[in-house]
Amino acid sequence: MNSDGRLITRGLTKVYSGSGSRRAIDQITMDMPTHGILAFIGRNGAGKTTLVRILATQLEPTSGSATIDGLDVMLDARELRKRIAIVPQEARTVAWMSPKQTVLSYLMWRGFDYSEAKEMAVEALARVGIDQYRDKLNRTLSGGTKRKVLVATVLASEADIVFLDEPTTGLDPISRRDLWNYLSNLGRERFTILTTHYLEEAEQLADRISILDRGRLVGTGTLEELRSLVKYRYSIRLQQETQLLVTANGELAKARDGSVQLLTTEDEAFRLSKDLFEKGYRFSISPVTLDDIFFHLANREDEPQP
Ligand SMILES: Nc1ncnc2c1ncn2[C@@H]1O[C@H](COP(=O)(O)OP(=O)(O)OP(=O)(O)O)[C@@H](O)[C@H]1O
Ligand SMILES: [Mg+2]
(Lines give C-alpha, C1' and ligand atoms only; values in the text may rest on other atoms or scores of the structure.)
(Ligands and ions follow the chains in the order given, each with its own letter.)
Protein backbone atom coordinates (compact mmCIF):
# COMPACT_ATOMS: atom_id res chain seq x y z
CA MET A 1 0.00 0.00 0.00
CA ASN A 2 1.17 3.54 -0.72
CA SER A 3 2.26 5.02 2.61
CA ASP A 4 2.38 8.58 1.28
CA GLY A 5 -0.11 10.77 3.10
CA ARG A 6 -0.32 8.30 6.00
CA LEU A 7 1.02 7.97 9.50
CA ILE A 8 1.53 4.26 9.99
CA THR A 9 2.75 2.53 13.13
CA ARG A 10 3.19 -1.20 13.53
CA GLY A 11 3.59 -2.77 16.96
CA LEU A 12 5.32 0.32 18.30
CA THR A 13 6.64 -0.47 21.78
CA LYS A 14 8.88 1.37 24.24
CA VAL A 15 10.46 0.01 27.38
CA TYR A 16 12.55 2.69 29.11
CA SER A 17 15.84 1.43 30.43
CA GLY A 18 15.64 0.75 34.13
CA SER A 19 11.89 0.24 34.09
CA GLY A 20 12.04 -3.56 33.97
CA SER A 21 9.56 -5.04 31.55
CA ARG A 22 7.10 -2.17 31.93
CA ARG A 23 6.02 -0.93 28.53
CA ALA A 24 5.46 2.83 28.32
CA ILE A 25 3.75 2.17 25.01
CA ASP A 26 2.72 -1.29 24.06
CA GLN A 27 2.19 -2.63 20.52
CA ILE A 28 0.70 0.54 19.05
CA THR A 29 -0.60 -0.06 15.56
CA MET A 30 -2.42 2.64 13.63
CA ASP A 31 -2.89 4.06 10.18
CA MET A 32 -4.04 7.67 9.87
CA PRO A 33 -4.04 10.33 7.17
CA THR A 34 -1.32 12.98 7.60
CA HIS A 35 -3.53 16.03 7.48
CA GLY A 36 -5.73 17.90 9.91
CA ILE A 37 -5.42 17.52 13.66
CA LEU A 38 -4.74 14.23 15.41
CA ALA A 39 -5.15 14.25 19.21
CA PHE A 40 -3.70 11.74 21.65
CA ILE A 41 -5.67 11.47 24.85
CA GLY A 42 -5.14 9.34 27.92
CA ARG A 43 -4.55 9.64 31.64
CA ASN A 44 -1.23 10.63 33.25
CA GLY A 45 1.35 8.06 32.30
CA ALA A 46 -0.75 6.60 29.47
CA GLY A 47 2.16 7.00 27.03
CA LYS A 48 1.20 10.12 25.05
CA THR A 49 4.53 11.92 25.41
CA THR A 50 6.46 8.72 24.68
CA LEU A 51 4.49 8.21 21.48
CA VAL A 52 4.90 11.85 20.43
CA ARG A 53 8.65 11.75 21.05
CA ILE A 54 9.06 8.57 19.02
CA LEU A 55 7.04 9.95 16.10
CA ALA A 56 8.99 13.22 16.27
CA THR A 57 12.25 11.20 15.97
CA GLN A 58 13.45 12.26 19.44
CA LEU A 59 13.27 8.83 21.03
CA GLU A 60 13.94 5.37 19.65
CA PRO A 61 11.29 2.71 20.06
CA THR A 62 12.30 -0.61 21.61
CA SER A 63 10.49 -2.47 18.86
CA GLY A 64 8.01 -1.89 16.08
CA SER A 65 8.07 0.72 13.34
CA ALA A 66 6.56 4.05 12.40
CA THR A 67 6.48 5.96 9.13
CA ILE A 68 5.13 9.39 8.29
CA ASP A 69 4.45 9.95 4.59
CA GLY A 70 6.54 6.87 3.91
CA LEU A 71 9.54 8.18 5.90
CA ASP A 72 10.70 5.88 8.68
CA VAL A 73 11.16 7.62 12.07
CA MET A 74 14.42 5.72 12.61
CA LEU A 75 15.88 5.17 9.13
CA ASP A 76 14.83 8.49 7.60
CA ALA A 77 15.07 10.60 10.77
CA ARG A 78 17.31 13.25 9.19
CA GLU A 79 14.95 13.86 6.32
CA LEU A 80 11.89 13.72 8.53
CA ARG A 81 13.34 16.23 11.02
CA LYS A 82 13.35 18.92 8.34
CA ARG A 83 9.60 18.55 8.13
CA ILE A 84 8.95 18.34 11.88
CA ALA A 85 8.58 21.01 14.55
CA ILE A 86 7.74 20.17 18.15
CA VAL A 87 6.73 22.02 21.28
CA PRO A 88 7.52 19.54 24.07
CA GLN A 89 5.37 19.14 27.17
CA GLU A 90 7.94 20.88 29.35
CA ALA A 91 8.74 23.69 26.88
CA ARG A 92 9.14 27.13 28.44
CA THR A 93 10.08 30.45 26.93
CA VAL A 94 13.40 31.93 28.00
CA ALA A 95 12.61 34.66 30.56
CA TRP A 96 15.07 37.30 29.35
CA MET A 97 14.29 36.97 25.64
CA SER A 98 11.47 38.70 23.78
CA PRO A 99 8.90 36.78 21.71
CA LYS A 100 10.57 38.05 18.55
CA GLN A 101 14.01 36.88 19.69
CA THR A 102 12.50 33.53 20.71
CA VAL A 103 11.02 32.83 17.29
CA LEU A 104 14.00 34.33 15.49
CA SER A 105 16.56 32.18 17.28
CA TYR A 106 14.48 29.06 16.63
CA LEU A 107 14.34 29.84 12.92
CA MET A 108 18.06 30.57 12.74
CA TRP A 109 18.72 27.28 14.52
CA ARG A 110 16.66 25.62 11.81
CA GLY A 111 18.93 27.17 9.18
CA PHE A 112 17.24 30.38 8.04
CA ASP A 113 19.38 33.49 7.70
CA TYR A 114 18.81 36.50 9.93
CA SER A 115 16.85 38.81 7.64
CA GLU A 116 14.62 36.01 6.36
CA ALA A 117 14.04 34.74 9.88
CA LYS A 118 13.23 38.21 11.20
CA GLU A 119 10.45 38.67 8.68
CA MET A 120 9.06 35.21 9.31
CA ALA A 121 9.12 35.75 13.10
CA VAL A 122 7.23 39.02 12.91
CA GLU A 123 4.63 37.49 10.64
CA ALA A 124 4.12 34.41 12.84
CA LEU A 125 3.72 36.50 15.99
CA ALA A 126 1.12 38.62 14.22
CA ARG A 127 -0.71 35.48 13.11
CA VAL A 128 -1.12 34.22 16.67
CA GLY A 129 -2.31 37.70 17.66
CA ILE A 130 0.58 38.81 19.88
CA ASP A 131 2.13 41.40 17.64
CA GLN A 132 1.92 44.03 20.35
CA TYR A 133 4.07 41.97 22.75
CA ARG A 134 6.79 41.03 20.34
CA ASP A 135 9.52 43.21 21.89
CA LYS A 136 8.55 42.76 25.55
CA LEU A 137 10.42 40.33 27.76
CA ASN A 138 8.88 36.85 27.90
CA ARG A 139 8.92 36.93 31.68
CA THR A 140 6.48 39.84 31.70
CA LEU A 141 3.91 37.95 29.61
CA SER A 142 0.92 35.95 30.86
CA GLY A 143 0.98 32.13 30.67
CA GLY A 144 -1.39 32.17 27.68
CA THR A 145 0.75 34.63 25.74
CA LYS A 146 3.89 32.59 26.48
CA ARG A 147 2.18 29.52 25.00
CA LYS A 148 1.33 31.53 21.93
CA VAL A 149 5.00 32.43 21.56
CA LEU A 150 5.80 28.71 21.50
CA VAL A 151 3.04 28.02 18.99
CA ALA A 152 4.40 30.90 16.89
CA THR A 153 7.82 29.22 16.76
CA VAL A 154 6.43 26.13 15.06
CA LEU A 155 4.07 28.17 12.94
CA ALA A 156 6.96 30.33 11.72
CA SER A 157 9.00 27.32 10.67
CA GLU A 158 8.66 25.57 7.34
CA ALA A 159 7.75 22.32 9.10
CA ASP A 160 4.57 20.74 7.80
CA ILE A 161 4.31 18.19 10.63
CA VAL A 162 3.78 19.85 13.98
CA PHE A 163 3.76 18.20 17.41
CA LEU A 164 2.32 20.03 20.41
CA ASP A 165 2.46 18.13 23.70
CA GLU A 166 -0.26 19.56 25.96
CA PRO A 167 -0.33 23.03 24.42
CA THR A 168 -3.22 24.27 26.54
CA THR A 169 -2.58 22.68 29.94
CA GLY A 170 -2.90 25.14 32.78
CA LEU A 171 -4.46 27.92 30.74
CA ASP A 172 -7.66 29.60 31.86
CA PRO A 173 -10.77 28.67 29.85
CA ILE A 174 -10.72 31.87 27.80
CA SER A 175 -7.04 31.71 26.88
CA ARG A 176 -7.53 28.05 26.06
CA ARG A 177 -10.36 28.74 23.64
CA ASP A 178 -8.38 31.56 22.15
CA LEU A 179 -5.47 29.22 21.51
CA TRP A 180 -7.82 26.58 20.08
CA ASN A 181 -8.69 29.02 17.29
CA TYR A 182 -5.05 29.25 16.27
CA LEU A 183 -4.59 25.54 16.57
CA SER A 184 -7.57 24.81 14.39
CA ASN A 185 -6.14 27.16 11.75
CA LEU A 186 -2.79 25.44 12.10
CA GLY A 187 -4.51 22.10 11.50
CA ARG A 188 -5.79 23.37 8.17
CA GLU A 189 -2.30 24.04 6.90
CA ARG A 190 -0.14 21.41 8.56
CA PHE A 191 -0.49 17.96 9.97
CA THR A 192 -0.83 18.73 13.67
CA ILE A 193 -0.46 16.12 16.37
CA LEU A 194 -1.35 17.29 19.84
CA THR A 195 -1.90 15.73 23.22
CA THR A 196 -4.43 16.99 25.71
CA HIS A 197 -6.21 16.19 28.94
CA TYR A 198 -9.17 18.30 27.91
CA LEU A 199 -11.54 15.92 26.19
CA GLU A 200 -13.76 18.75 25.10
CA GLU A 201 -10.75 20.22 23.33
CA ALA A 202 -10.01 16.99 21.50
CA GLU A 203 -13.67 16.63 20.57
CA GLN A 204 -13.92 20.13 19.13
CA LEU A 205 -10.49 20.52 17.59
CA ALA A 206 -9.34 17.16 16.39
CA ASP A 207 -10.24 15.47 13.15
CA ARG A 208 -9.04 12.19 14.60
CA ILE A 209 -8.42 10.96 18.11
CA SER A 210 -6.30 8.15 19.53
CA ILE A 211 -7.10 6.99 23.05
CA LEU A 212 -4.20 5.55 25.02
CA ASP A 213 -4.63 3.56 28.20
CA ARG A 214 -1.60 2.29 30.10
CA GLY A 215 0.47 2.23 26.96
CA ARG A 216 -2.12 0.53 24.81
CA LEU A 217 -4.16 2.03 22.03
CA VAL A 218 -7.77 1.37 23.01
CA GLY A 219 -9.47 3.39 20.30
CA THR A 220 -8.56 5.46 17.29
CA GLY A 221 -10.39 7.30 14.51
CA THR A 222 -12.89 10.09 14.01
CA LEU A 223 -15.40 10.78 16.78
CA GLU A 224 -18.00 8.87 14.77
CA GLU A 225 -15.65 5.91 14.42
CA LEU A 226 -14.92 5.99 18.16
CA ARG A 227 -18.66 6.04 18.89
CA SER A 228 -18.97 2.79 17.02
CA LEU A 229 -16.51 1.18 19.45
CA VAL A 230 -18.81 1.59 22.41
CA LYS A 231 -21.90 -0.45 23.05
CA TYR A 232 -24.23 2.44 23.77
CA ARG A 233 -24.27 5.39 21.44
CA TYR A 234 -26.82 7.62 23.14
CA SER A 235 -26.82 9.43 26.43
CA ILE A 236 -29.91 10.59 28.33
CA ARG A 237 -29.51 12.88 31.34
CA LEU A 238 -32.08 13.75 33.97
CA GLN A 239 -31.92 15.91 37.07
CA GLN A 240 -33.29 13.09 39.21
CA GLU A 241 -33.67 9.34 39.05
CA THR A 242 -36.88 7.87 37.63
CA GLN A 243 -38.18 4.34 37.34
CA LEU A 244 -38.31 4.79 33.56
CA LEU A 245 -34.53 4.93 33.40
CA VAL A 246 -33.88 2.34 36.10
CA THR A 247 -35.79 -0.28 34.13
CA ALA A 248 -34.40 0.72 30.72
CA ASN A 249 -31.74 -1.19 28.82
CA GLY A 250 -28.33 0.36 29.18
CA GLU A 251 -25.87 1.60 31.76
CA LEU A 252 -27.16 3.91 34.45
CA ALA A 253 -24.85 6.14 36.44
CA LYS A 254 -25.76 8.46 39.26
CA ALA A 255 -23.81 11.63 40.01
CA ARG A 256 -23.22 13.10 43.45
CA ASP A 257 -25.76 15.85 42.84
CA GLY A 258 -28.48 13.20 42.29
CA SER A 259 -28.63 13.63 38.51
CA VAL A 260 -28.55 10.47 36.42
CA GLN A 261 -27.16 9.48 33.05
CA LEU A 262 -28.25 6.51 31.02
CA LEU A 263 -26.09 5.27 28.19
CA THR A 264 -28.25 3.33 25.82
CA THR A 265 -28.98 2.22 22.27
CA GLU A 266 -30.58 4.46 19.67
CA ASP A 267 -33.83 2.45 19.70
CA GLU A 268 -34.10 2.52 23.47
CA ALA A 269 -33.25 6.24 23.51
CA PHE A 270 -36.01 6.89 21.00
CA ARG A 271 -38.57 4.89 23.00
CA LEU A 272 -37.56 6.44 26.32
CA SER A 273 -37.60 9.98 25.04
CA LYS A 274 -41.25 9.56 24.03
CA ASP A 275 -42.13 8.20 27.50
CA LEU A 276 -40.17 10.93 29.25
CA PHE A 277 -41.91 13.61 27.18
CA GLU A 278 -45.32 12.15 27.99
CA LYS A 279 -44.60 12.10 31.71
CA GLY A 280 -43.37 15.70 31.54
CA TYR A 281 -39.74 15.07 32.53
CA ARG A 282 -37.03 17.52 31.61
CA PHE A 283 -34.16 15.66 30.09
CA SER A 284 -31.34 16.02 27.63
CA ILE A 285 -30.49 13.51 24.97
CA SER A 286 -27.40 13.40 22.78
CA PRO A 287 -25.03 11.02 21.04
CA VAL A 288 -22.33 9.93 23.50
CA THR A 289 -19.55 12.49 23.90
CA LEU A 290 -15.83 11.83 23.84
CA ASP A 291 -16.01 11.99 27.64
CA ASP A 292 -18.43 9.05 27.72
CA ILE A 293 -16.36 7.11 25.18
CA PHE A 294 -13.12 7.81 27.01
CA PHE A 295 -14.44 6.60 30.35
CA HIS A 296 -15.88 3.54 28.73
CA LEU A 297 -12.70 2.57 26.87
CA ALA A 298 -9.98 3.79 29.23
CA ASN A 299 -11.43 3.34 32.65
CA ARG A 300 -12.16 -0.32 32.82
CA GLU A 301 -10.00 -1.31 35.76
CA ASP A 302 -9.21 1.52 38.04
CA GLU A 303 -5.67 0.79 39.09
CA PRO A 304 -3.53 3.78 40.01
CA GLN A 305 -1.12 5.11 37.40
CA PRO A 306 2.53 5.53 38.33
N1 LIG B 1 12.55 8.82 30.73
C2 LIG B 1 11.79 7.88 31.29
N3 LIG B 1 12.34 6.84 31.98
C4 LIG B 1 11.57 5.88 32.54
N5 LIG B 1 10.24 5.86 32.48
C6 LIG B 1 9.62 6.86 31.82
C7 LIG B 1 10.36 7.92 31.20
N8 LIG B 1 9.47 8.77 30.61
C9 LIG B 1 8.26 8.26 30.85
N10 LIG B 1 8.32 7.12 31.57
C11 LIG B 1 7.20 6.25 31.98
O12 LIG B 1 6.51 5.86 30.81
C13 LIG B 1 5.10 5.87 31.02
C14 LIG B 1 4.44 6.78 29.98
O15 LIG B 1 4.85 8.12 30.25
P16 LIG B 1 4.47 9.33 29.30
O17 LIG B 1 5.23 10.50 29.78
O18 LIG B 1 4.64 8.91 27.90
O19 LIG B 1 2.91 9.47 29.62
P20 LIG B 1 1.90 10.66 29.28
O21 LIG B 1 0.67 10.02 28.74
O22 LIG B 1 2.57 11.69 28.45
O23 LIG B 1 1.57 11.26 30.73
P24 LIG B 1 1.18 12.77 31.15
O25 LIG B 1 -0.26 12.92 30.80
O26 LIG B 1 1.38 12.77 32.62
O27 LIG B 1 2.09 13.71 30.44
C28 LIG B 1 4.89 6.31 32.46
O29 LIG B 1 4.76 5.14 33.22
C30 LIG B 1 6.18 7.01 32.81
O31 LIG B 1 6.45 6.89 34.19
MG1 LIG C 1 2.95 13.67 28.66
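Positions are given from 1, in the same order as the sequence printed here.
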- [ ] Carefully, step by step, assess Asp131 and Arg134 under the rule salt bridge (charged side-chain N to carboxylate O under 4.0 Å, His left out).
- [x] CA-CA 5 Å; Asp131 209 15; Arg134 70 181 188 212; 3.3 Å; yes
- [ ] State, with a plain yes or no, whether a side-chain heavy atom of Thr192 is found less than 4.5 Å away from one of Leu183.
- [x] no
Open item on the list: So, applying side-chain hydrogen bond (donor to acceptor under 3.5 Å, both in side chains) with Asp160, which one of Lys82, Arg190, Arg83 is it?
Closed with: Arg83
Task: Closest heavy-atom pair and its distance - Leu7, Thr34 - done: N-CG2, 3.5 Å
Open item on the list: Tell me the closest heavy-atom pair linking Met97 and Ser105, and the distance in Å.
Closed with: CE-OG, 3.5 Å
TODO: Walk me through it: do Glu123 and Lys118 pass the test salt bridge (charged side-chain N to carboxylate O under 4.0 Å, His left out)?
DONE: CA-CA 9 Å; Glu123 194 199 315; Lys118 203 164 112 186; over 6 Å; no
Open item on the list: Between Thr29 and Gly11 (side chain of the first, backbone of the second, donor and acceptor by atom type, cut-off under 3.5 Å), is there such a pair?
Closed with: yes
Task: Worked check of salt bridge (charged side-chain N to carboxylate O under 4.0 Å, His left out) between Asp26 and Arg214 - done: CA-CA 8 Å; Asp26 189 2; Arg214 283 160 274 178; over 6 Å; no
TODO: Could I get the full list of salt bridge (charged side-chain N to carboxylate O under 4.0 Å, His left out) partners for Arg110, not counting sequence neighbours?
DONE: Glu158
Task: Euclidean distance, Leu125 CG relative to Thr145 OG1, rounded to 0.5 Å - done: 11.0 Å
Open item on the list: Using a 3.5 Å distance criterion without hydrogens, assess whether the side chain of Arg81 forms a donor-acceptor pair with backbone atoms of Thr57.
Closed with: yes
TODO: Taking Arg147 for its side chain and Pro167 for its backbone only, find out whether a donor-acceptor pair lies under 3.5 Å.
DONE: yes
TODO: Give a yes or no on this: more than 12 heavy atoms of other residues, nucleotides or ligands lie within 6.0 Å of atom CD of Glu60.
DONE: no
- [ ] Output yes when a side-chain donor or acceptor of Asp113 lies under 3.5 Å from a complementary backbone atom of Glu116, and no otherwise.
- [x] yes
Task: Test log, rule side chain to side chain donor-acceptor pair (under 3.5 Å), inputs Ser65 and Arg10 - done: CA-CA 5 Å; Ser65 66; Arg10 299 261 178 260; over 6 Å; no
Task: Close side-chain approach of Asp213 to Ile211, heavy-atom, < 4.5 Å - done: no
Task: Same cluster (ILVMFWY, side-chain, under 4.5 Å), Met120 and Met108 - done: no
Task: Asp207 (side chain) donor-acceptor with Ile37 (main chain) under 3.5 angstrom - done: yes
Task: Smallest separation among heavy atoms of Ile41 and Ala202, with atom names - done: CG2-CB, 3.9 Å
TODO: Group every Ile, Leu, Val, Met, Phe, Trp and Tyr by side-chain heavy-atom contacts under 4.5 Å, then state whether Ile209 and Leu194 land in the same group.
DONE: no
Task: Pairwise distance CG(Leu155) to CG(Leu150) - rounded to 0.5 angstrom - done: 12.5 Å
Open item on the list: In this structure, would Met30 and Val73 fall into the same cluster of hydrophobic residues linked by side-chain contacts under 4.5 Å?
Closed with: yes
Task: Ser98 versus Tyr133, side-chain donor and acceptor atoms under 3.5 Å - done: no
TODO: Before giving the answer on ring pair (Phe, Tyr, Trp, His ring centres under 6.0 Å), spell out for Tyr234 and Phe270 the whole-Å C-alpha distance, their side-chain angles and the decisive distance to 0.1 Å.
DONE: CA-CA 9 Å; Tyr234 275 81; Phe270 179 70; over 10 Å; no
Task: Backbone of Ser175 reached by a side-chain donor or acceptor of Asp172 within 3.5 Å - done: yes
Task: Main-chain N/O of Thr222 paired to Glu225 side chain as donor or acceptor, under 3.5 Å - done: yes
Task: Donor + acceptor pair across side chains of Thr168, Glu201 (<3.5 Å) - done: yes
TODO: Answer yes if the side chains of Asp72 and Thr67 hold a donor-acceptor pair under 3.5 Å, and no otherwise.
DONE: no
TODO: Would you indicate whether Glu189, at its atom CD, is surrounded by more than 12 heavy atoms from other residues, nucleotides or ligands within a distance under 6.0 Å?
DONE: yes
TODO: Assess the side chains of Thr13 and Arg23: does a donor N or O sit below 3.5 Å from an acceptor N or O?
DONE: no
- [ ] Write down the atom of Gly42, the atom of Phe294, and the distance for their closest heavy-atom approach.
- [x] CA-CE1, 3.8 Å
Task: Thr195 and Glu166: CA distance, side-chain angles, deciding distance, side chain to side chain donor-acceptor pair (under 3.5 Å) verdict - done: CA-CA 5 Å; Thr195 74; Glu166 296 196 25; 4.6 Å; no
Task: Closest contact, heavy atoms only, Ala152 versus Val128 - done: CB-CG2, 3.9 Å
- [ ] Heavy atoms only: give me the nearest Leu238-Thr242 pair and the separation to one decimal.
- [x] CD2-CG2, 3.1 Å
- [ ] Using only heavy-atom distances, determine whether the side chains of Gln239 and Ser259 contain a donor-acceptor pair under 3.5 Å.
- [x] no
- [ ] Could you check if a side-chain atom of Ser210 sits within less than 4.5 angstrom of a side-chain atom of Met32, using non-hydrogen atoms only?
- [x] yes
Task: Hydrophobic cluster identity match, Leu226 and Leu51, side-chain contacts under 4.5 Å - done: no
Open item on the list: Using the rule given for salt bridge (charged side-chain N to carboxylate O under 4.0 Å, His left out), can you reason through Arg271 versus Glu266, listing the C-alpha separation, both sets of side-chain angles and the distance that settles it, and then say yes or no?
Closed with: CA-CA 9 Å; Arg271 185 187 70 74; Glu266 186 168 1; over 6 Å; no
- [ ] Verify the distance criterion only: is there a donor paired with an acceptor across the side chains of Thr289 and Asp292 at less than 3.5 Å?
- [x] yes
TODO: Report yes or no: does Lys100 contribute a side-chain atom to a donor-acceptor pair with the main-chain N or O of Ala121 at less than 3.5 Å?
DONE: no
- [ ] For Glu203 and Leu290, indicate whether the former's side chain and the latter's backbone hold a donor-acceptor pair under 3.5 Å.
- [x] yes
- [ ] Treating Ile, Leu, Val, Met, Phe, Trp and Tyr as nodes and any side-chain heavy-atom pair under 4.5 angstrom as an edge, say whether Leu55 and Ile84 lie in one connected cluster.
- [x] yes
TODO: Could you tell me whether the side chains of Thr265 and Asn249 share a donor-acceptor contact shorter than 3.5 Å?
DONE: no
TODO: List the steps and the verdict of side chain to side chain donor-acceptor pair (under 3.5 Å) for Thr50 and Tyr16.
DONE: CA-CA 10 Å; Thr50 303; Tyr16 284 103; 2.9 Å; yes
Open item on the list: Tell me if a side-chain donor or acceptor on Lys231 pairs with a main-chain N or O of Thr264 at a distance below 3.5 Å.
Closed with: no
